[in-house]
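First the proteins, then the strands, lettered A, B, ... as listed; each starts at 1.
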Amino acid sequence: MRAAAPSGPLPPPVARRLGALGWARAHLFSGWASGLATLGVIAGVAWLAPDVLRYLVFDAVWRAPDGAACRAPGAGACWAFIAEKTPFFVYGSYPADQRWRVDLTIAIGAALVFRSLWRGAPRKGLAALLLLVVYPPVAFALLYGAPVAGLPVVPTSLWGGVFVSLLVAAVGIVFSLPLGVLLALGRRSRLPVVRMLSVGFIEFVRGVPLISVLFMANVMLPLFVPEAWSPDRLLRPLVGVALFASAYMAEVVRAGLQALPRGQGEAAQALGLSWWSAQRHVVLPQALTLVIPGIVNTFIGLFKDTTLVAAVGALDFLRAVDVARQDPAWSGPTIALTGYVFAGLFYFVACFAMSRYSLAVERDLSRARAR
Amino acid sequence: MTAHAPPAVSIRGVHKWFGAFHALRGVDLDVAKGEKIVIAGPSGSGKSTLIRCINRLERHEQGRIVVDGVELDDDVKRVEAIRRDVGMVFQQFNLFPHLTVLENCMLAPVWARKLPKTRAEEIARRYLERVRIPEQADKYPAQLSGGQQQRVAIARALCMAPKVMLFDEPTSALDPEMVKEVLDTMAELARDGMTMIVVTHEMGFARQVADRVVFMDEGQVVEVAPPEDFFSNPRHQRTRLFLAQILR
């Protein structure tokens, strides 16, 4: 093939609709390298798919009273184990007769999250306000208990499973964004003390692994406060995760602040807006929009990092799977594998949903700008 | 010129450095209420820096600047109060792209002047009418032409009912066919008695509108004269050179 001379005639326009055959020709077999890669991938899938399908579907054990059927030779994935342990995966050791409280908390939270994220819904602000201000104390009363309202206390040592994972992620997300914004603004502040504190915090937290932040939160927080208020064992990793995520969030937000043309801040100043007003109405709305992919990326990382709270004794979903597979009635190699496949699917679905949502928001925003 | 009324802007012995670069070298200038000043000069002569000092987008390091009887210093509240009374129009428009034209105009009256929204909207619509783009109120800045954007920027500044308007090369980023609509808007504003300080290369505008033309070079005011004297009878060699270059 020859490269077309820049001054040569324009190539004929490519027809938009070529049909399935045309599409395959254009995208899968556009050259010998691309054709070879396509064939290689098809061969790989053809080679793997039957085994994977046989293991996960055709040979799988769907219903069984215990692990015996799953230990039989030739048995595939043990979905019966997942079905049997689902309550434990979701609630941990939360007392069975109180689990409606967790359901109710998750249902209210999901409704509010859905309402405030639903693109184009009216009064999203109100839903967000309910979610951030009214919901947390209500959720706490429901989950932990409020003897006044007739809800017996359920100590956090009994909490576990998906609901703890969601709790850690939600607290991390809710606190990391505002904290991260403040830290990013602090890092660009003209006040030396504010700037030094912000830089110091961000660099320190980013310089250590989350697991050591969690250990520090676990061991050091009780040292700083009187013993009577010694923070709860679940609260400590919550604080650790929120602080850790806020340092990363701060750097993402700072990228947005720096990408904004200087004239925007100057125009706001020239109009006589105070510094806080200028940040709130002019700078942050634009800077945060610019870095939505980075923000969601941080959320996704945070969600997966919630699995590390297990290291300081909290029973998150992954740890619950790990505990469940040690049940003697359900021990067996395919059972453990099924548990981990299930956990992987769970995290993938959650993170993929976040990523798709952020893409849709970006598309909405770019459409709004291009009008 | 009203010699006894206190000046709208008074600049005395102002110096400004950017690192080692001495951008303003002892500038003195008084601007009377209702006066129209055009500042001309080669690029890098400190024109923009000077008017950016008047609303403290740049901080002067020596000398005094008094705006409407209030001296500019490090007191943030005082600076914000002065900025509310001094409108500025930028070369790059600097409209807020995430807000509609109407919201651009309402933002500062609502959040800096604390006016109720209905009142701010009334004012915004009035000024959009005045710069002749009321029908664009609900569009976003990116949907407008450069000339329209700059007229929105003028309306946005006027919504704060400023006592002084600063223009920092308002037509330099515009396509030639849009320069006139912006200059016409500015001339109209001048006729209504606004105090204006305009940095521009549009010498036709200076001739038509200015009470005095200020020529700056290398951070100093070289010559101040009414436009008829400035263009027909410049006293300084540097002024003559500059005029010879731009008036071909």
Side-chain angles (χ1 to χ4, degrees), chain A residues 119-120 122-126 181 185-186 188-195 253 255-293 295 361-371, chain B residues 48 51-52 54-59 74 76-100 103-114 138-144 149 152-153 156-162 164-168 173:
Chain A
R119 296 173 288 132
R123 313 196 63 173
K124 279 206 289 200
L126 181 67
V181 166
L185 292 175
R188 286 164 56 88
S189 169
R190 272 176 306 162
L191 310 170
V193 176
V194 173
R195 191 172 57 235
V253 173
L257 293 175
Q258 280 172 348
L260 209 62
R262 221 167 64 125
Q264 290 292 309
E266 284 184 349
Q269 279 185 324
L271 284 165
L273 289 168
S274 69
W275 186 84
W276 283 106
S277 279
Q279 302 304 313
R280 178 173 153 212
H281 298 291
V282 175
V283 175
L284 285 175
Q286 297 186 63
L288 292 181
T289 308
L290 280 173
V291 293
I292 287 175
I295 292 175
V361 170
E362 278 173 61
R363 261 200 308 276
D364 278 6
L365 289 169
S366 62
R367 209 176 294 138
R369 290 295 153 72
R371 260 185 311 200
Chain B
S48 290
I51 69 164
R52 286 164 61 86
I54 296 174
N55 63 356
R56 213 171 176 77
L57 287 183
E58 305 291 352
R59 184 178 174 280
D74 284 330
V76 176
K77 289 284 153 216
R78 204 171 330 173
V79 169
E80 280 168 13
I82 289 175
R83 283 173 178 161
R84 288 197 284 272
D85 287 344
V86 177
M88 186 167 215
V89 175
F90 298 86
Q91 182 177 354
Q92 302 293 343
F93 327 139
N94 293 349
L95 293 178
F96 306 131
H98 62 301
L99 301 177
T100 63
E103 289 166 340
N104 263 279
C105 294
M106 288 170 60
L107 185 71
V110 169
W111 294 102
R113 284 246 192 265
K114 314 281 181 213
D138 296 318
K139 290 196 181 166
Y140 284 86
Q143 296 167 276
L144 306 185
Q149 290 192 46
V152 171
R156 178 176 73 176
L158 290 176
C159 285
M160 290 295 281
V164 180
M165 283 285 285
L166 309 174
F167 292 84
D168 188 2

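Side-chain atoms of A:L257 and A:V283, non-hydrogen and from C-beta on, do get closer than 4.5 Å to each other.
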request  = Show your working on side chain to side chain contact (heavy atoms under 4.5 Å, CB included) between B:M88 and B:L57 and close with a plain yes or no.
outcome  = CA-CA 10 Å; B:M88 186 167 215; B:L57 287 183; 3.7 Å; yes

task = Using the side chain to side chain contact (heavy atoms under 4.5 Å, CB included) rule, take B:H98 and A:T289 through it: C-alpha gap first, then chi angles, then the decisive distance, then the call.
result = CA-CA 10 Å; B:H98 62 301; A:T289 308; over 6 Å; no

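Residue with the most contacts toward chain A among B:R84, B:K77, B:E80: B:E80 (heavy-atom pairs, distance under 4.5 Å). Counting heavy-atom pairs closer than 4.5 Å to chain A, the top-ranked of the candidates B:P141, B:C159, B:G87, B:A112 is B:A112.
For B:Q92, no part lies near chain A; criterion is any non-hydrogen pair under 4.5 Å. Both the backbone and the side chain of B:F96 come within less than 4.5 Å of a heavy atom in chain A. Only the side chain of B:R52 comes within less than 4.5 Å of a heavy atom of chain A; its backbone N, CA, C and O stay farther away. Contacts of A:A278 with chain B are absent, with no heavy-atom separation under 4.5 Å from either backbone or side chain. With a 4.5 angstrom heavy-atom cutoff, A:S277 touches chain B only via side-chain atoms. For B:L95, the part lying near chain A is the backbone, with the side chain staying farther off; criterion is any non-hydrogen pair under 4.5 Å.
Nearest heavy-atom pair, A:A268 versus A:V282, reported as atom, atom and distance to 0.1 Å: CB-CG2, 3.9 Å.
Side-chain atoms of B:T100 and B:D138 include no donor-acceptor pair closer than 3.5 Å.
With a 6.0 Å cutoff to the six-membered ring centre and a 45° limit on the axis angle, A:R280 counts as a cation-pi contact of B:W111.
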